[in-house]
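Chain letters run A, B, ... following the sequence lines, proteins first and then strands; every chain starts at 1. As the structure is a computational prediction, the values presented were derived from the model and not from experiment.
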Amino acid sequence: MRSEQPRRPSWERPSLFTRVMAAAGLVFLHAPVWVIALYAFTTEDRTYQFPPPGLTLHWFDVAFARDDIWESMRLSLLVASAATLLAIILGTLAAFALARRNFSGKESITLLFVLPIALPGILTGLALLAGMRTIGLEPGFWTIVAGHATFCLVIVYNNVVARLRRIPPSWVEASMDLGARGHQTFRYVLLPQIATALLAGGMLAFALSFDEIIVTLFTAGHERTLPIWFYSELFRPRERPVTNVVAVVVILVTPGSDPARVLPDAARREEVSRESEVPPHRMPPISTPRNALRPERTHADQTPDQRQARRRRRQGRRRVEPGDRQGAGPRCRGVARPDRRGGESG
Amino acid sequence: MPRGMPRAEPTVDMTPAIELRAMRRAFGAVVALDSVSLAIAPGEFFALLGPSGSGKTTCLRLIAGFDQPDSGTILLDGEDVTNTPPFARNVNTVFQDYALFPHMTVAENVAYGLRVRGIGAVERAKQAAAMLDLVRLGEFGARRPHQLSGGQRQRVALARALINRPQVLLLDEPLGALDLKLREEMQVELKGLQQRLGITFVFVTHDQGEALSMADRVAVFSQGRIEQLDTPRELYNRPQTAFVASFVGSANVVERAAAQKLTGQDRAFAIRPELIDLLAAGEPAADGYVQCAGEIVDVLYHGASSRLRVQVDERTTLAVARSESAGGGVQGLTTGARVRLAWRPDHAVPLQD
């Protein structure tokens, strides 16, 4: 079957060294995930001895019986949904305002919009907490949502603004010319064009909110989202494998939300054909800072790229505690990646 | 006569389909349109001709309503629409890039104007199919725009713009993106369509050949002003300014100083290369012809005709066209040879300064 494909010239084929390094990289990224999964089944609940003395499904029973997990899961999902919805509405509005019009101060406003993603979470959290104190706001569900929306908004904004800039102005003019009012032009012409950008941006925003811990710590008050639950579980050595069970469940759910899979094939095809149709000069360079955070390419590779960039930046500031490695909040998102890959090839 | 004023008003005594009064539009320091006035008669095929940056597209966009004039008035069918948004004007546009919606089928694109007016799906489909038949794309309704060729997309854009039965159809460089052969076909097709539908067509072009062959009247734009507004024949035969003379077809523009020497009249003039006779050695010029002598600078063979340039004084070189078929070949004429030229005085068109 190999012979059916034209043989590539030797300089295009990866060398043995490249292959080995690629494999090593994958192992390095994914091995911790398998360790987390493995210790969800261990019979020993205090230390991490390798190999585990025995395997059991007992911890799944324990985990499913614990209300605090369900509550935290529910809260995290609600917060992420609300923050995503808010981000989609506000981010889209902001993108429409800033994509086309030129007005004085536009650059500054653009910078203000993307700044939250560049700020360390701890600063955002502190600032929000101080702000809430000043106006006497009680921390709770909506303050978490507001905190998360600060950076979710940027994700949606970036996706939508990049897409809008590729839409030729003549499409909007053609729509108006044919008799469409503003809302009709939005509904029939612009929304279908930005739909995939909204989907991708919304999913990424959801994922970021779902695992956010630093901003949440400052804005949550007594509420416990799933990452905070993970974090507090680290200090309860009794049922340590339960955290691994929850991590495994989250990992298993994640591949289903991969935008590359969710997007219908037709939408992706259309996107490809449109990209080839739009002449290069119609795609202005992205002028706002943090270019690396907003590549508008195929959604399949966009998500992990952006996640990684953000994770690296934010985690770089946090000391990783020795006992931390089994599944503190921000980790469990990273572990979603191998699973998706495995799912596609296997 | 002041520049920029239409010379030939529409002869029919009725309300113009479009009337622009003293339109001005500036973008920053650049004046795109400077006090432009014109009137277009109903059913007319009208061309806005000019080089890029001359204001012709700005003019079209103001008529469509995509842009607002700084001052001046736009009337459609006698009604002031200066502040009317594009969706409320009974005018439709064929865009240079066609602006077809890629997420809709061809039929959906064509039916779009009906959809936003709340017309039911059955009626929409019926009218869209009829419109696609009109532009000979009956079988292509289910395709997507990117599955069509450039010429087909052009016709879809045409069908989409016509489905609302506009009073006026605006076409922005409609043939610019097509190759030569297709362009010639579409010229014929557009002209036929316009005559069948009786709709006023206003089209923008930088191609003088296109303007001459299709339009009933042409407004020649230069630097935000109308240089001349005339029928193609008048424009070609009676250009009023040096710009029009050299932009519409090719012409020898003889400046005032040189003209005085050649003709004795103190006025710049233009003469078409094909109207200059080349006299054989010893051949007398016909009665009353203007005569001069010069040296051949170069000779270019173009197939059906040849063109030579003759230097008649230090600053003036005249192009002379010779038809190969009419026995007026350029054999024996070489660079450096001395020749005599002659033309009928009334073929030299006096120009405004």
Exercise. For residues 41-85 of chain B, which residue pairs qualify under ring-ring contact (aromatic ring centres under 6.0 Å, His included), counting only residues two or more places apart or in two chains?
Worked result: B:F45-B:F201, B:F45-B:F203, B:F66-B:F95

Problem set entry | Heavy atoms from other residues, nucleotides or ligands near CD of B:E123 exceed 12 (cutoff 6.0 Å) | yes

Exercise. Can you list the steps and then say if A:S170 with B:Y98 is a side chain to side chain contact (heavy atoms under 4.5 Å, CB included)?
Worked result: CA-CA 8 Å; A:S170 63; B:Y98 313 140; over 6 Å; no

Exercise. Which of residues 176-190 of chain A get closer than 4.5 angstrom to chain B, counting heavy atoms alone?
Worked result: A:M176, A:D177, A:L178, A:G179, A:A180, A:R181, A:Q184, A:T185, A:Y188, A:V189

Problem set entry | Contact origin within B:A88 toward chain A - heavy atom pairs under 4.5 Å | neither

Exercise. Does any heavy atom of chain A fall under 4.5 Å from the side chain of B:R160, the backbone, both, or neither of them?
Worked result: both

Problem set entry | Heavy-atom closest contact (A:W171 atom, B:A99 atom, distance) | CD1-CA, 3.6 Å

For this session: Work out which heavy atom in A:S175 is nearest to a heavy atom in B:Y112; give both atom names and the distance.
Result: OG-OH, 2.7 Å

Exercise. Can you find a heavy atom in the side chain of A:P192 that is under 4.5 Å from one in the side chain of B:F101?
Worked result: no

For this session: Only counting residues at least two apart or in another chain, list the ones meeting ring pair (Phe, Tyr, Trp, His ring centres under 6.0 Å) with A:F113.
Result: A:Y157

Problem set entry | Counterpart residues, salt bridge (charged side-chain N to carboxylate O under 4.0 Å, His left out), relative to A:K106 (two or more places apart) | none

Seminar exercise, completed: Most heavy-atom pairs under 4.5 Å with chain A, out of B:N92, B:N164, B:L114, belong to B:N92

